[in-house]
Undergrad: 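The structure is given below, and queries will be raised subsequently.
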Amino acid sequence: MVKNINKKVILCLSTGLFFHSQLQAQVGKDSINLEEVQIVGKSKARRMQEQAYAISVLDLKKQYQMATPLNKVLNTVTSVKIREDGGLGSNYSFSMNGFSGNQVKFFIDGIPMDNFGSSFNLSTISANMADRIEVYKGVLPVYLGSDALGGAVNIVTRNNANYLDATYSFGSYNTHRFALNGALTTQGGFTIRANVFGNYSDNDYKVWAPIVNLTTNKQEGYEWVKRFNDGYHSYGLKVETGVVKKSWADYLLFGLLASNDKNHIQTGATMDAVYGGVMAKSWSIIPSIRYKKEDLLLPGLSLSLYGTYNIVNTQNVDTLSRKYNWKGDYIASTSAGEGYLTDATIKLRQWQANANVNYVVDEHQSVTLNNVFIATRRKSNDKMYPDYEMNNVPQQLTKNITGLGYQIRFSRWNANVFGKMYRLYSSTHKLMNQFTEEQKWEQLTSRKHRYGYGAAATYYILPSLQAKVSFEHAFRMPEAVEMFGDGMVQKSNPDLKPESSNNFNAGFLYDQNLGSHRLQAEVNYIYRDTKDFILKGVSLTNNPTTCYDNIGNVHTRGIEAMLGYSYKRNLHVSGNLTFQDIKDKMRYEKSQNTYVGDGMNENITYGQRLPNIPYFFMNGHADYNFLDFGKKGNSLSLNYDVQYIHDYYLSFTGLGAKATKKVIPEQFCHNVSVGYSMKDGRYSILLECTDISNEKLYDNYRLQKPGRSFNIKFRYYITK
């Protein structure tokens with residue numbers, strides 16, 4: 001029977017997207033398309049969800065009318081928390097199972113987004129650009145070649161042959177956003193795909209801020225004040241063109257990504273610092289090439305390649321000789337620079353290349369070999385310090401990661417095993433013997449090799465009940481921004497060591513259709529044993545800065561759960577919760593080059609929960625759709641979302657008096673919207689209110705986010 005299956009099916013099986021059990025149910029039915037494999041009743045997102053990996057898949061087709069930025073969509077996933085410094089364009093961090101920053105990797109169509117620049121990120125691009133988002137928690141497929149420690153997010157763009165999707169929204173704080181996504185494909189196989197976006201906001205929302213008397217330099221209480229130096233704008237273009245469906249290529253695409261932004265910066269790492277003239281600018285130009293061919297040279301052998309060259313320039317400006325308070329008042333300062341005098345340009349150049357070979361041995365087995373090469377070169381030049389020795393001195397990071405994976409498949413179960421080899425070369429400089437006559441910059445070079453491995457398996461207990469388990473011994477090498485800093489708030493630390501982690505996931509997935517009703521439930525247990533955990537800390541001073549440091553040993557234990565119900569196409573209700581206990585488990589720490597000498601000392605934070613990381617949070621969603629409302633093909637939708645975050649401390653729980661410790665308070669956020677679409681979705685309009693109860697919402701070190709805001713969104717969509 002299997003001999004009659006088209007090779008396309010076998011190749012799809014090799015990636016783990018389908019299980020033999022689903023395939024058996026479809027063989028003999030005319031459900032196989034020469035261009036792609038379709039299984040009746042299951043979307044691509046649903047089939048991805050059924051992989052052995054711990055994965056959440058978001059089908060973004062439901063988000064197109066909402067025109068929601070990708071970071072807001074991801075913030076509803078179990079174990080995921082997006083933490084922002086403020087409004088549109090502000091810095092944000094992505095946290096999953098306690099891992100954050102560069103511990104979690106981001107891809108777009110399998111291409112790493114590590115160094116695409118600040119103007120092209122999750123907060124600036126719309127969900128209308130993508131078909132789905134794959135969120136891997138822990139173990140990654142081999143074809144996503146990366147040194148991710150705690151998982152990855154892969155944004156899969158839309159592959160419609162011919163369509164046009166245009167959205168525009170405006171709302172509170174003079175916020176405007178637009179996106180234009182489209183594709184054109186000829187019968188001869190020529191295609192062009194384009195995504196254009198733009199964002200603008202004054203971000204002049206009110207905050208409850210500490211007011212300092214500039215004359216006495218003493219705090220005089222708190223007041224509601226408007227932010228006055230927080231404007232942001234960004235623009236971007238992503239275009240690919242080439243050929244598809246040729247005998248020698250499934251696709252060959254040449255691409256270009258260009259984007260820029262300008263961000264006025266109101267505050268430092270905490271709201272104790274307030275700036276009136278600090279800003280950051282960046283621009284990116286990234287050419288790329290992608291190629292894929294299945295049944296290359298022999299049946300069952302497929303090859304995919306990509307290459308990019310990232311050209312990213314970032315400028316940080318802080319030159320005013322002024323001191324501001326939150327009212328916008330200022331006085332002349334005796335020193336230049338509000339926080340740290342700088343007018344620095346950071347030039348980053350990066351080559352990325354990936355090759356992935358997959359071979360289907362037979363209907364039960366496949367093998368995958370992947371190699372990714374990343375070479376980063378960075379220079380910085382600060383006009384305020386023309387004699388600075390490190391101006392235009394290159395700093396380098398080179399990574400080479402090779403993975404080999406094997407998959408076996410049977411009717412009710414499948415399993416994957418893999419191994420990875422990590423290689424890193426770094427070259428930077430460190431200031432030695434500071435504040436002495438022997439002070440000098442010394443070049444530091446390092447070569448490191450690490451070996452990782454892992455496995456993932458799934459078993460169908462019942463047709464609607466699936467069990468999953470996965471384990472990985474993973475490594476992550478420090479990134480350029482962690483070692484070299486950002487030239488402003490983020491300070492350098494060239495002594496960072498690679499992280500390693502043993503990651504374990506186990507869970508159950510239930511999905512049952514009962515006529516017009518569908519019930520979904522999922523529960524997962526997570527465990528992480530991480531060595532040399534890289535944690536972002538903050539100096540709580542008048543001009544706070546941040547810096548990455550290693551924590552010797554961190555244990556994470558957690559539970560995540562999801563429950564969802566839907567009735568036909570009308571009603572959808574879902575909720576999820578996450579609890580994660582993340583503790584410092586290094587009992588003793590080694591001290592070197594200190595005033596009290598070298599040796600082993602008891603770690604005073606042993607057994608304490610890591611600070612500034614939410615440990616319990618929940619999300620809820622409900623929507624109801626009135627189909628054929630007013631006219632056939634029109635629909636009215638009502639949507640409600642709620643988010644809850646339990647309070648948590650900004651510093652280790654055992655340090656200092658509890659009454660004086662700074663706390664991120666408990667938070668509830670309620671969002672509502674009403675939308676109306678016409679002519680089967682060709683025209684749409686949506687009214688939205690976020691934080692309808694106008695709660696004070698905080699994230700990183702109590703940086704306040706916008707309160708209640710209103711938006712109106714328009715969409716126009718056509719397709720062939």
Undergrad: Please check if any side-chain donor atom of Thr458 sits under 3.5 Å from a side-chain acceptor atom of Gln466, or the reverse.
TA: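 A donor-acceptor contact under 3.5 Å links the two side chains.
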Undergrad: Does the side chain of Thr191 pick up a donor-acceptor pair with the side chain of Thr185 at under 3.5 Å?
TA: yes
Undergrad: Will you find, in the side chains of Asn313 and Arg349, an N or O donor that is under 3.5 Å from an N or O acceptor?
TA: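 Note: Asn313 and Arg349 side chains meet the donor-acceptor criterion.
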Undergrad: Can you name the closest pair of heavy atoms from Pro706 and Gly87 and give their distance?
TA: CG-CA, 3.7 Å
Undergrad: Quick one: side chain to side chain contact (heavy atoms under 4.5 Å, CB included) partners of Asn263, sequence neighbours excluded?
TA: Tyr232
Undergrad: How about Arg715 and Arg682: do any of their side-chain heavy atoms sit closer than 4.5 Å?
TA: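 When only atoms from C-beta onward are counted, Arg682 and Arg715 do not touch, as no gap falls below 4.5 Å.
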Undergrad: Before giving the answer on side-chain hydrogen bond (donor to acceptor under 3.5 Å, both in side chains), spell out for Gln365 and Tyr406 the whole-Å C-alpha distance, their side-chain angles and the decisive distance to 0.1 Å.
TA: CA-CA 7 Å; Gln365 304 175 85; Tyr406 168 77; 2.6 Å; yes
Undergrad: Between Tyr683 and Phe714, does the ring centre distance come in under 6.0 Å?
TA: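 They do not qualify: ring centres at least 6.0 Å apart.
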Undergrad: Considering only NZ, NE, NH1 and NH2 on the basic side and carboxylate oxygens on the acidic side, decide whether Lys105 and Asp114 come within less than 4.0 Å.
TA: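 Between Asp114 and Lys105 there is a salt bridge, with a charged N closer than 4.0 Å to a carboxylate O.
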Undergrad: Would the distance check show the side chain of Arg290 and the main-chain N or O of Leu305 forming a donor-acceptor pair, the cut-off being under 3.5 Å?
TA: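 It does not hold such a pair.
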Undergrad: Between Tyr64 and Arg158, is there a cation-pi geometry (under 6.0 Å to ring centre, at most 45° from the normal)?
TA: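 Yes, Arg158 and Tyr64 form such a contact.
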Undergrad: Return yes if a side-chain donor-acceptor contact under 3.5 Å exists between Asn195 and Asn181, otherwise no.
TA: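 Yes.
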Undergrad: Under 4.5 Å between any side-chain heavy atoms of Leu60 and Ile133, yes or no?
TA: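 Yes - at least one pair of side-chain heavy atoms lies under 4.5 Å apart.
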Undergrad: Could you go through Leu636 and Leu627, starting from their C-alpha distance and side-chain angles, then the distance that decides it, and tell me whether this counts as side-chain contact (heavy atoms from CB on, under 4.5 Å)?
TA: CA-CA 7 Å; Leu636 176 71; Leu627 304 179; over 6 Å; no
Undergrad: Any donor-acceptor pair under 3.5 Å linking the side-chain atoms of Lys293 with those of Ser302?
TA: no
Undergrad: Regarding Thr368 and Asn358, is there a side-chain donor-to-acceptor distance under 3.5 Å anywhere?
TA: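 Yes.
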Undergrad: Are Ser288 and Thr308 linked by a side-chain donor-acceptor pair shorter than 3.5 Å?
TA: no
Undergrad: Measure the CD-CD1 distance between Glu240 and Ile289 for me, rounded to the nearest 0.5 Å.
TA: 10.5 Å
Undergrad: Are the side chain of Ser284 and the backbone of Val312 linked by a donor-acceptor contact shorter than 3.5 Å?
TA: no
Undergrad: Starting at CG of Leu296, measure out to OG of Ser304 and round the result to the nearest 0.5 Å.
TA: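 Reported to 0.5 Å precision, the distance equals 11.0 Å.
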Undergrad: Does anything in residues 173-198 pair up under ring pair (Phe, Tyr, Trp, His ring centres under 6.0 Å), and if so which pairs, sequence neighbours excluded?
TA: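 Qualifying pairs: Phe120-Phe197, Tyr173-Tyr205.
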Undergrad: So, the side chain of Asn634 versus the backbone of Asp628: is there a donor-acceptor pair under 3.5 Å, distance only?
TA: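 Side chain of Asn634 to backbone of Asp628, a donor-acceptor pair under 3.5 Å: no, none is there.
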Undergrad: Thr167 vs Asn128, test: side-chain hydrogen bond (donor to acceptor under 3.5 Å, both in side chains). Steps then yes/no.
TA: CA-CA 8 Å; Thr167 60; Asn128 295 54; 4.9 Å; no
Undergrad: Would you check if there is a donor-acceptor pair between the side chains of Asn354 and Asn370 at a distance under 3.5 Å?
TA: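 Yes, a side-chain donor-acceptor pair sits under 3.5 Å.
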Undergrad: Report the distance from atom NZ of Lys720 to atom OH of Tyr163, rounding to the nearest 0.5 Å.
TA: 15.0 Å
Undergrad: Please name the pair of heavy atoms, one in Val367 and one in Val361, separated by the smallest distance, quoted to 0.1 Å.
TA: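 Looks like CG2-CG2, 4.2 Å.
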Undergrad: Is there a donor-acceptor pair closer than 3.5 Å between any side-chain N or O of Asn310 and the backbone N or O of Asn115?
TA: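 It does hold such a pair.
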Undergrad: Would you say the side-chain atoms of Thr175 and Ser201 include a donor-acceptor pair closer than 3.5 Å?
TA: yes
Undergrad: Is any side-chain heavy atom of Val77 less than 4.5 Å from a side-chain heavy atom of Ser79?
TA: no
Undergrad: Answer whether the closest heavy-atom distance between the side chains of Gln520 and Glu522 falls below 4.5 Å.
TA: no
Undergrad: Would a 4.5 Å heavy-atom cut-off, applied to side chains only, mark Ile311 and Trp283 as touching?
TA: yes
Undergrad: Testing the 3.5 Å rule here: is there a donor-acceptor pair between the side chains of His517 and Tyr565?
TA: yes
Undergrad: What's the spacing between Arg518 CZ and Ser566 OG if we round to 0.5 Å?
TA: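 That separation rounds to 6.0 Å.
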Undergrad: Are the side chain of Asn75 and the backbone of Ile82 linked by a donor-acceptor contact shorter than 3.5 Å?
TA: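 Side chain of Asn75 to backbone of Ile82, a donor-acceptor pair under 3.5 Å: yes, one is there.
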Undergrad: So, Asp261 versus Ser118: side-chain donor-acceptor pair below 3.5 Å or not?
TA: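 The answer is yes; a qualifying pair exists.
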Undergrad: Among Thr78, Asn154, Leu74, exactly one meets side-chain contact (heavy atoms from CB on, under 4.5 Å) together with Val135. Which residue is that?
TA: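 Exactly one option meets the side-chain contact (heavy atoms from CB on, under 4.5 Å) with Val135, and it is Leu74.
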Undergrad: For the residue pair Asn671 and Asp641, confirm or rule out a side-chain donor-acceptor distance under 3.5 Å.
TA: no
Undergrad: What are the two closest non-hydrogen atoms of Ile401 and Ser146, and how far apart are they?
TA: CD1-C, 3.7 Å
Undergrad: Who are the salt bridge (charged side-chain N to carboxylate O under 4.0 Å, His left out) partners of Lys262, not counting sequence neighbours?
TA: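 None.
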Undergrad: Are side-chain heavy atoms of Tyr251 and Val243 found at a separation under 4.5 Å?
TA: no
Undergrad: Say you draw a straight line from CG of Asn414 to NE2 of His364; how long is it, rounded to the nearest 0.5 Å?
TA: 12.5 Å
Undergrad: I'd like to check Val573 versus Leu571 (side-chain heavy atoms, cut-off strictly below 4.5 Å). Are they in contact?
TA: yes
Undergrad: Working to the nearest 0.5 angstrom, can you tell me the gap between Ile285 CD1 and Ser259 OG?
TA: 9.0 Å
Undergrad: Indicate yes or no: does Asp147 engage Lys399 in a salt bridge with an N to O separation below 4.0 Å.
TA: yes
Undergrad: Please determine, by modelled atom types, if Asn625 and Asp623 share a side-chain donor-acceptor pair under 3.5 angstrom.
TA: yes
Undergrad: Are the side chain of Asn121 and the backbone N or O of Ser123 linked by a donor-acceptor pair below 3.5 Å?
TA: yes
Undergrad: Asp691 side chain to Cys669 main-chain N or O, any donor-acceptor pair under 3.5 Å?
TA: no
Undergrad: Does Lys713 form a side-chain hydrogen bond (donor to acceptor under 3.5 Å, both in side chains) with Ser673? I'd like the steps, not just the answer.
TA: CA-CA 11 Å; Lys713 302 179 180 181; Ser673 65; over 6 Å; no
Undergrad: How about Leu509 and Tyr460: do any of their side-chain heavy atoms sit closer than 4.5 Å?
TA: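 SC-SC contact between Leu509 and Tyr460 ruled out.
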Undergrad: With distance as the sole test, does Asn203 use its side chain to make a donor-acceptor pair with the main-chain N or O of Leu88 at under 3.5 Å?
TA: yes
Undergrad: Would you kindly say whether Asn576 and Asn619 are connected by a side-chain donor-acceptor distance under 3.5 Å?
TA: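 Their side chains do contain a donor-acceptor pair, which is all the 3.5 Å distance test asks for.
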Undergrad: For the side chain of Tyr676 and the backbone of Phe629, is there at least one donor-acceptor N/O pair under 3.5 Å apart?
TA: yes
Undergrad: Between Ser234 and Thr124, does the side-chain hydrogen bond (donor to acceptor under 3.5 Å, both in side chains) criterion hold? Intermediate values first, please.
TA: CA-CA 8 Å; Ser234 65; Thr124 60; 5.2 Å; no
